[in-house]
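Report on one structure; see the data block that follows.
Bear in mind that the values here come from a model prediction, so they are computed numbers and not experimental data. A, B, ... follow the sequence lines: proteins, then strands. Residue 1 opens every chain.
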Amino acid sequence: MAADPVAFEVAAAPHTPPKASVPVMMRRVLYALVPAAACHAWFFGWGLLINFAIAAVAALLAEAAFLRLRGRTTREALRDLSALLTAALLAFSIPPLAPWWVPAFGSAAAIVLGKQMFGGLGKNLFNPAMVGYAILLVSFPLEMTQWVPPRMGDIDYTRLTALEHLSYTVTGELPAGQSLDALTRATPLDLAREGARAGRSFSDVRANSLFGEIGGRGWEWVSNFLILGGLYLIYAGIIRWHIPIFVLAGLLLPATLLYFIDASRFAGPAFHLFSGGTVLGAFFIATDPVSAAATIKGRIFYGACIGLLTYAIRTWGGYPDAIAFAVLLMNGAVPLIDRFTRPRVFGHG
Amino acid sequence: MLKFTTRRVTGGLRLPANKIRSTERPIRRGLIPPRLVISTRQHRGPAAVPVVSVGDAVLRGATLARAESRAGADVHAPTSGRVVAIEPRAVPLATGVTSESCIVIDTDGLDRRATPPAPIELAATTDAQLRQLTRAGIVGLGGAVYPTAAKLQAGARCELLIVNGAECEPYISCDDMLMREDAEAVIRGAEILRRIFSAERCVIAVERDKSLAIDAMTRTADQLAVLGVTIAELPSIYPAGGERQLVEVLTGVEVPSSRYPAEFGFLCQNVGTAWAVHNYFSTGEPLTTRVVTVTGEGVAEPGNVDAMIGTPIADLVSACGGYRANPIRLIHGGSMMGFALPGDGLPVTKASNCVIAGDPAEFSRDAREWACIRCGECSNVCPARLLPQDLLLAARASDPAGLEALALDECIECGCCDIVCPSHIPLTEIFRQARPVLRRDREQRAMGEAEAGAEAEAKAGTEAGNDGR
């Protein structure tokens with residue numbers, strides 16, 4: 001017989017502790033971006049890392065300031081790492097040679113207008129990083145085109161050192177003898193759109209040395225590492241496969257179809273897959289749980305529509321890359337999608 | 001043998017079973033604690049009325065308290081001894097700890113019987129058979145302790161008797177061990193229940209991961225060749241063993257919370273209950289013991305104990321080597337739906353399928369809660385296909401219309417949403433506490449309607465009066 005009665009804590013069921021946590025999820029998504037970021041830095045220089053650092057500081061400051069304004073505690077919210085993730089996704093969308101206030105302003109706008117105005121994490125209707133990107137794209141169209149050519153032996157490119165790049169980002173001063181025109185180059189998606197507008201055939205456009213076997217050179221590799229990161233997220237159970245697969249299907253099916261109809265006019269599916277923000281959008285942006293549809297059925301529809309809209313905007317729209325706008329449009333449709341895909345309750349109807 | 005095709009479960013989770021430690025040794029038997037605290041209410045329904053007084057000597061199997069109707073069940077002495085008190089005590093029942101009138105017995109260690117064991121003839125009419133079950137104190141041993149005789153509604157026809165050996169909840173292994181060690185009694189008990197309920201068929205459902213139990217059961221069923229009893233393997237997904245989930249997996253029929261499976265022709269009984277039924281008809285012994293799993297990292301030698309009803313949990317743990325390390329939480333039931341006990345002085349009831357003494361590493365959780373990020377994992381695992389993320393908003397706003405529209409009633413409090421929630425929101429507890437909001441609102445509306453009805457009548461009366469004037 002037990003001697004003394006032992007006292008125990010009282011707690012509500014279930015007693016099994018939860019499996020995942022928000023900060024751990026966010027951290028893993030950040031980890032999943034690391035290989036692609038390293039690859040990006042290899043091909044396109046220090047810009048991504050500098051932009052990320054600026055965007056991260058701006059995001060955290062903006063979040064803290066706004067939480068203070070809302071009379072909320074700041075520490076807990078900053079610890080969930082969602083602001084850092086927003087900064088990272090935005091950094092991928094900003095050209096390497098953008099001046100410092102582009103990532104700073106975009107990131108602050110993403111946090112304040114994209115997230116905190118709606119009531120903070122979990123309440124935002126739109127993907128904050130894409131809100132920031134859209135604001136930047138319409139506010140600073142020129143600065144948002146300052147992309148650079150990839151580090152490839154046969155391509156004429158000049159690489160700034162980390163210090164030179166940082167000094168340019170902060171002060172706008174390039175090292176002596178360098179000009180922005182010489183450093184920047186249009187992206188393959190830009191060229192494709194310009195070419196289409198000028199009535200040139202796509203096969204003619206892609207003769208440019210910026211185009212590789214499948215997509216834009218350098219971009220192909222970044223995309224490969226993003227796919228790797230995305231597969232890790234699916235494997236680790238951070239995201240489910242439905243959204244990325246259906247975004248890609250929605251984009252690649254019409255691309256394939258039109259490519260077969262007229263290969264000289266329309267870019268092929270591989271080009272669409274490996275260019276611009278396709279992979280980043282499919283695996284990292286459209287999958288943002290807060291702004292995506294909630295049910296599996298809803299996610300399939302949501303993903304497929306993002307893919308289709310991306311193709312439509314890329315092919316017939318006014319902006320070179322369209323993932324951001326497609327995601328934002330579908331974010332707006334999520335409440336409706338959720339309403340129509342509400343599952344039938346057990347035993348009802 | 002007839003094969004039973006099972007369907008997919010809605011939602012659910014694969015959980016670490018944590019059952020290996022408690023199934024390493026055979027069921028411990030023969031424990032007679034110095035004192036038993038036997039609740040007169042061991043079941044859902046009214047308490048039985050004591051028929052013994054303080055000071056009475058009682059023998060094993062003697063009736064201590066009698067049920068007044070089929071909605072209850074008799075309570076018996078598990079061993080010989082003397083009644084030293086009849087007083088209210090805290091006891092763990094199906095849904096929590098409640099204060100019940102208890103008969104306290106100091107045992108004499110002699111285990112003297114009232115009558116030598118002898119088989120009992122199954123009565124001729126259903127009514128008499130059900131009365132036999134009430135007299136034998138047979139209630140559902142799966143944890144819900146619904147009196148077995150009360151399960152058969154008058155006039156209802158039972159097509160399929162489902163004997164539940166799923167035992168899907170982590171830690172619990174009492175049914176598994178019972179099937180491994182005494183498959184014959186379980187199958188024979190199931191056959192007796194099938195006859196009592198005049199069921200056309202009977203299926204004994206066991207989760208696939210209990211391979212030893214399935215082996216024992218199928219082998220025994222083949223040997224006995226009991227026609228009409230089939231063994232079905234269930235997917236090992238929690239909560240496949242929930243009554244409504246089990247009906248769904250086996251038959252595809254979804255029984256809503258407002259109705260009973262019996263209305264659809266299904267009756268569910270636990271394998272432990274089947275064992276107890278067989279034990280009663282083959283030996284005449286009423287239900288006075290049950291197998292209890294005693295496990296958790298805080299127990300030195302976990303295992304299953306065939307424990308007398310009324311055994312203090314402290315004695316049960318002592319029989320399993322006592323506590324080790326530093327147990328922080330004592331759980332009655334499994335780790336998903338069980339409730340925490342304030343202390344180990346509480347007695348075993350017929351509802352006690354498992355006792356877990358958990359150490360901090362097992363059950364401590366980060367108390368920090370994050371904002372809901374609407375990831376929807378909760379709705380993906382919900383076996384009732386609810387939207388916990390939306391229910392959460394309705395519950396926090398105490399919005400009865402929202403709770404109603406989102407079908408809070410269908411929540412079975414299985415805890416799956418809690419486990420997958422990355423924001424660590426205690427969803428199940430929030431939903432549990434939201435139920436009164438919905439109930440009060442319904443009462444108010446019912447009252448409002450009644451008043452409105454009365455007013456309308458009064459008005460009609462005055463108008464009629466006016467007309468007459």
Examine whether an atom of [X] lies under 4.5 Å from a heavy atom of chain B, and if so say whether it belongs to the side chain, the backbone or both; otherwise answer neither.
| X | answer |
| --- | --- |
| R79(A) | both |
| R299(A) | side chain |
| D338(A) | side chain |

Which heavy atom of [X] sits nearest a heavy atom of [Y], and at what distance?
| X | Y | value |
| --- | --- | --- |
| Q389(B) | R374(B) | CG-NH1, 4.1 Å |
| P103(A) | I94(A) | CA-CD1, 3.5 Å |
| F339(B) | G96(B) | CE2-N, 3.3 Å |

Select, from [options], the one with the greatest count of heavy-atom pairs under 4.5 Å involving chain A.
| options | answer |
| --- | --- |
| L427(B), D390(B), L330(B), I356(B) | L330(B) |
| P33(B), G376(B), G338(B) | G338(B) |
| S335(B), S423(B), G358(B), P256(B) | S335(B) |
| V420(B), D418(B), I419(B), L15(B) | I419(B) |
| R329(B), M336(B), E429(B), E362(B) | R329(B) |

Could you give me the CA-CA distance, side-chain angles and deciding distance for E63(A) and R68(A), then say whether salt bridge (charged side-chain N to carboxylate O under 4.0 Å, His left out) is met?
-> CA-CA 8 Å; E63(A) 180 131 281; R68(A) 190 74 49 89; over 6 Å; no

Pair E297(B)-R324(B), salt bridge (charged side-chain N to carboxylate O under 4.0 Å, His left out): steps then yes or no | CA-CA 8 Å; E297(B) 290 300 321; R324(B) 70 167 191 193; 2.9 Å; yes

If you count heavy-atom pairs under 4.5 Å between each of [options] and chain B, which one has the most?
| options | value |
| --- | --- |
| G120(A), A293(A), A12(A) | A12(A) |
| G347(A), S291(A), P14(A) | P14(A) |
| G237(A), G122(A), A292(A), P23(A) | P23(A) |
| I296(A), L121(A), V22(A) | V22(A) |
| N124(A), V345(A), V10(A), V24(A) | V345(A) |
| A294(A), S21(A), S82(A) | S21(A) |

Under-4.0 Å salt bridge between R259(B) and E254(B) = no

Hey, are E413(B) and R435(B) close enough for a salt bridge, meaning a charged N less than 4.0 Å from a carboxylate O?
-> yes

Non-hydrogen atoms of chain A under 4.5 Å away: do they reach the side chain of [X], the backbone, both or neither?
| X | value |
| --- | --- |
| S364(B) | backbone |
| E248(B) | side chain |
| F363(B) | both |
| L13(B) | side chain |
| R368(B) | side chain |
| N380(B) | side chain |
| L387(B) | side chain |

Tell me, with the steps shown, if R385(B) and E410(B) meet salt bridge (charged side-chain N to carboxylate O under 4.0 Å, His left out).
-> CA-CA 9 Å; R385(B) 269 186 248 109; E410(B) 297 297 336; over 6 Å; no

Give the ring-plane orientation class for F118(A) versus F126(A), where under 30° counts as parallel, over 60° as perpendicular and anything between as tilted.
-> perpendicular

T295(B), I331(B), V294(B) screened by side chain to side chain contact (heavy atoms under 4.5 Å, CB included) with C354(B), the one that passes = T295(B)

Run through P422(B), C372(B), C375(B) and flag the one making a side chain to side chain contact (heavy atoms under 4.5 Å, CB included) with P289(A).
-> C375(B)

Taking everything shown except R75(A) itself, do over 12 heavy atoms lie less than 6.0 Å from its CZ?
-> no

Should the heavy atoms of other residues, nucleotides or ligands under 6.0 Å from CZ of F301(A) be counted, would the total exceed 12?
-> no

